[in-house]
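Scroll down for the structure; my scribbles are underneath it.
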Protein chains: 2
Amino acid sequence: MASPMYRQIAEDLRERIESGELQPGQQLQTELELRERYGASRNSVRDAIKLLITRGLVQTRPGQGTFVVQKIDPFVTILSGEPTAGGPEGAAYQWESSERKREVTSSPIQVEIQEASREIASQLGMAEGTEVISRHERRFIDGTPWSMQTSLYPMEFADRGAERLRRPEYIEEGTVMYLRATIGVRQVACRDWITVRAPNSTEADFFKLPSDGRIPMYEIFRTAFDGNGQSMRLTITVCPADRNQFIVEFGEASVFSDRRVRAAPWEGRLHSDA
Amino acid sequence: MASPMYRQIAEDLRERIESGELQPGQQLQTELELRERYGASRNSVRDAIKLLITRGLVQTRPGQGTFVVQKIDPFVTILSGEPTAGGPEGAAYQWESSERKREVTSSPIQVEIQEASREIASQLGMAEGTEVISRHERRFIDGTPWSMQTSLYPMEFADRGAERLRRPEYIEEGTVMYLRATIGVRQVACRDWITVRAPNSTEADFFKLPSDGRIPMYEIFRTAFDGNGQSMRLTITVCPADRNQFIVEFGEASVFSDRRVRAAPWEGRLHSDA
DNA sequence: GGGTATTTGTCCGTATGTATT
DNA sequence: AAATACATACGGACAAATACC
């Protein structure tokens with residue numbers, strides 16, 4: 001009685017999916033068959049399916065049908081303060097694959113000279129409008145788009161001798177090492193600011209996300225500080241939340257050294273709903 | 001011609017919102033007026049509005065109209081390994097308000113005895129089916145629901161003398177201190193595992209989120225370790241991603257000590273879309 | 001409290017377009 | 001080329017929520 005028909009249909013389908021009657025990857029009945037099954041109109045069936053789509057339970061493929069979604073094997077990143085050499089762009093992050101080996105590749109680096117917006121200037125501790133170097137890079141895992149990253153440096157760094165910041169090339173030894181070697185700027189600390197938001201159209205396009213923006217994005221701001229407590233870099237990383245997870249470790253490192261990172265820690269129900 | 005009409009309508013409305021022509025909180029034209037404006041049917045206008053809803057740009061109120069959403073002032077949490085006394089449940093997290101003072105309140109603690117599921121047993125390093133104590137708590141900021149948190153402890157802790165774990169009361173000095181004082185279990189490290197997922201119905205209900213699940217949830221698993229490298233606690237925190245952000249700090253603490261946490265670091269566009 | 005107008009929500013039927021097999 | 005299945009678009013009807021008098 002209570003709830004509208006399209007919600008009842010969605011609820012029934014949801015239960016059948018979560019009970020395992022409908023397996024991941026399996027095709028649902030067609031809209032016309034579901035119309036018969038539930039004695040509703042095709043439009044109401046479609047409303048139910050739309051609901052399940054925004055909940056991420058099913059996906060539709062024109063000309064084929066409606067399918068239970070396959071969960072994506074998430075990529076787990078350990079946020080770590082220690083810059084490791086070898087990683088691209090100063091290894092703002094240290095990657096660790098969960099199980100099978102995955103291959104990380106990168107787009108060419110795109111360099112722009114910008115005037116710092118209010119927010120960027122605030123993060124980098126400079127006056128608004130000061131010139132900054134923007135180094136942008138897109139990353140893939142096993143060929144699928146995984147993250148977009150932009151690092152911003154004070155233009156002054158290049159003027160003082162870190163010329164390679166201006167060039168659209170990788171800095172193999174890592175920008176942290178490079179900046180220390182060339183102009184003596186030493187990174188001693190950094191802060192990650194983790195947010196989640198809807199993707200913009202550029203991101204939805206690059207990550208091949210559904211254009212309705214139902215899959216959220218992590219946006220992580222990493223501000224790095226030198227020995228004087230000055231901000232020396234702002235790195236902004238954006239990646240889809242449906243295929244990424246993050247780990248942060250505190251305290252005695254020895255505890256973690258022999259501990260392998262496993263798959264997602266949780267898939268069940270925590271406690272009685274009350 | 002390209003894109004379907006309902007997308008063109010949505011795109012036009014999006015631009016008017018982002019340009020500021022339509023201010024947050026302001027009411028859009030009614031569906032019938034928009035029908036006139038765009039020369040489309042009411043259903044097509046409604047499809048456009050649905051798109052904007054899942055993108056989080058507008059909300060509808062039956063009987064009233066469609067409104068541009070107001071952004072929520074986010075609550076920023078510093079993830080920190082050091083357990084501070086005074087905070088509820090061993091202060092798994094240290095809270096810091098961004099600007100204005102906010103009042104954090106808590107529901108009564110709900111205690112359950114459970115048998116560890118495979119995932120929980122795996123995280124706590126025990127055999128599946130071992131009894132664990134579950135302490136569940138819900139938190140509010142300025143009266144609005146903000147987070148749900150569940151801490152799981154080995155039942156053995158209570159048997160060895162930490163009796164208060166079994167009782168549905170706060171442990172004022174913090175469970176970290178309490179466990180050290182009563183049974184000599186000392187927390188030396190912890191690991192946070194950060195994930196994002198759609199809310200379940202219990203969460204959507206408690207947090208008063210729209211039932212279509214378009215607002216994602218953070219789910220953070222904190223595993224705490226004692227001096228022997230054994231897991232001593234698993235704390236699971238769930239909170240809506242639209243009103244929460246997290247900060248992690250690495251390296252020399254002195255850099256951060258005199259640095260106030262400000263509002264969200266970013267609201268603009270990063271680089272030319274290309 | 002009641003009544004009425006307004007506005008969005010649900011549901012239907014139908015027709016046509018587009019992608020896939 | 002044909003069949004199938006989802007996508008878009010229209011129009012209409014009634015229900016439910018809200019605001020206002």
Side-chain angles (χ1 to χ4, degrees), chain A residues 1-14 17 22 25-70 204 208-214, chain B residues 1-14 17 22 25-70 204 208-214:
Chain A
M1 8 137 254
S3 66
M5 179 176 303
Y6 78 101
R7 283 178 192 272
Q8 293 182 33
I9 296 173
E11 184 61 14
D12 184 67
L13 288 171
R14 188 190 62 75
I17 289 170
L22 300 169
Q26 185 177 343
Q27 181 171 6
L28 270 62
Q29 290 168 290
T30 69
E31 292 175 352
L32 294 183
E33 287 167 339
L34 290 173
R35 192 186 100 227
E36 302 288 319
R37 177 186 189 115
Y38 294 108
S41 76
R42 182 174 164 235
N43 278 330
S44 296
V45 167
R46 280 178 61 75
D47 283 345
I49 290 175
K50 274 183 209 161
L51 202 54
L52 296 178
I53 289 175
T54 76
R55 288 185 182 170
L57 289 175
V58 304
Q59 63 180 149
T60 55
R61 297 203 277 270
Q64 298 184 53
T66 306
F67 300 82
V68 182
V69 295
Q70 310 250 27
K208 299 187 177 64
L209 301 177
S211 57
D212 61 7
R214 68 174 175 276
Chain B
M1 14 181 314
S3 68
M5 180 176 303
Y6 78 99
R7 284 176 193 270
Q8 293 182 33
I9 297 173
E11 184 62 15
D12 183 67
L13 288 171
R14 187 191 63 76
I17 289 170
L22 300 169
Q26 185 178 341
Q27 180 171 7
L28 271 63
Q29 289 168 291
T30 68
E31 293 175 353
L32 295 183
E33 288 167 339
L34 291 172
R35 190 185 102 230
E36 302 289 320
R37 178 185 190 115
Y38 294 108
S41 74
R42 183 179 162 226
N43 278 329
S44 296
V45 169
R46 282 178 60 75
D47 283 345
I49 290 175
K50 275 183 208 161
L51 204 54
L52 297 178
I53 289 175
T54 76
R55 287 184 182 171
L57 288 175
V58 304
Q59 65 182 144
T60 55
R61 298 204 275 271
Q64 296 183 52
T66 306
F67 300 82
V68 182
V69 295
Q70 313 247 26
K208 299 187 176 63
L209 302 177
S211 58
D212 61 7
R214 68 173 174 276

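Proteins get letters first, then strands, A, B, ... in listed order; numbering begins at 1 in each.
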Can you check whether [X] reaches [Y] side chain to side chain, under 4.5 Å on heavy atoms?
X     : Y     : result
B:R14 : B:R55 : yes
A:K50 : A:D47 : yes
A:V58 : A:I53 : yes

Please determine whether a side-chain nitrogen or oxygen atom of [X] lies at a distance below 4.0 Å from atom OP1 or OP2 of [N].
X     : N      : result
B:T60 : C:dG9  : yes
A:R46 : D:dC6  : no
A:S44 : C:dT10 : no
A:T66 : D:dC6  : yes

d([atom1], [X]; [atom2], [N]) in whole Å:
X     : N      : atom1 : atom2 : value
A:Q27 : D:dC6  : CD    : C1'   : 11 Å
B:I49 : C:dT7  : CD1   : P     : 13 Å
A:R7  : D:dA16 : CZ    : P     : 14 Å
A:E36 : C:dC12 : CD    : C1'   : 15 Å
A:I53 : D:dT8  : CD1   : P     : 10 Å
A:L32 : D:dA7  : CG    : P     : 12 Å
A:K50 : D:dA9  : NZ    : C1'   : 11 Å
A:F67 : C:dT20 : CZ    : C1'   : 10 Å

Which nucleotide in the set [options] lies at the smallest distance from any side-chain heavy atom of [X]?
X     : options                : value
A:E31 : D:dC10, C:dC11, D:dA7  : D:dA7
B:Y6  : C:dT8, D:dC6, D:dT8    : D:dT8
A:Q64 : C:dT20, D:dA9, C:dT10  : C:dT20
B:P62 : D:dA17, C:dT10, D:dC10 : D:dA17
A:T30 : D:dC6, C:dG9, C:dC12   : D:dC6

Exercise. Start at the 5' end of DNA chain C and walk down; is the nucleotide closest to A:R61 or to A:G39 reached first?
Worked result: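 Nearest-nucleotide comparison on DNA chain C picks A:G39.
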For this session: Please tell me which of B:N43 and B:Q29 maps to the more 5' nucleotide of DNA chain C, matching each residue to the nucleotide holding its nearest heavy atom.
Result: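 Residue closer to the 5' terminus by nearest nucleotide: B:Q29.
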For this session: For B:Q27 and B:Q64, indicate whether the former's side chain and the latter's backbone hold a donor-acceptor pair under 3.5 Å.
Result: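 Flag set: sc B:Q27 to bb B:Q64 pair under 3.5 Å.
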Exercise. Got a donor-acceptor contact below 3.5 angstrom from the B:Q8 side chain to the B:Y38 backbone?
Worked result: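 Answer holds: no.
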Exercise. Which base sits across from C:dT7 as a Watson-Crick or G-U pair, both distances under 3.5 Å?
Worked result: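 Here C:dT7 is engaged in a pair, and the nucleotide opposite it is D:dA16.
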Exercise. Between B:R42 and B:D47, who's closer to the 5' end of DNA chain D by nearest nucleotide?
Worked result: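 So the residue in question is B:D47.
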Exercise. Out of curiosity, B:Q26 CD to B:Q70 CD, how far, rounded to the nearest 0.5 Å?
Worked result: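 Answer rounded to 0.5 Å: 10.5 Å.
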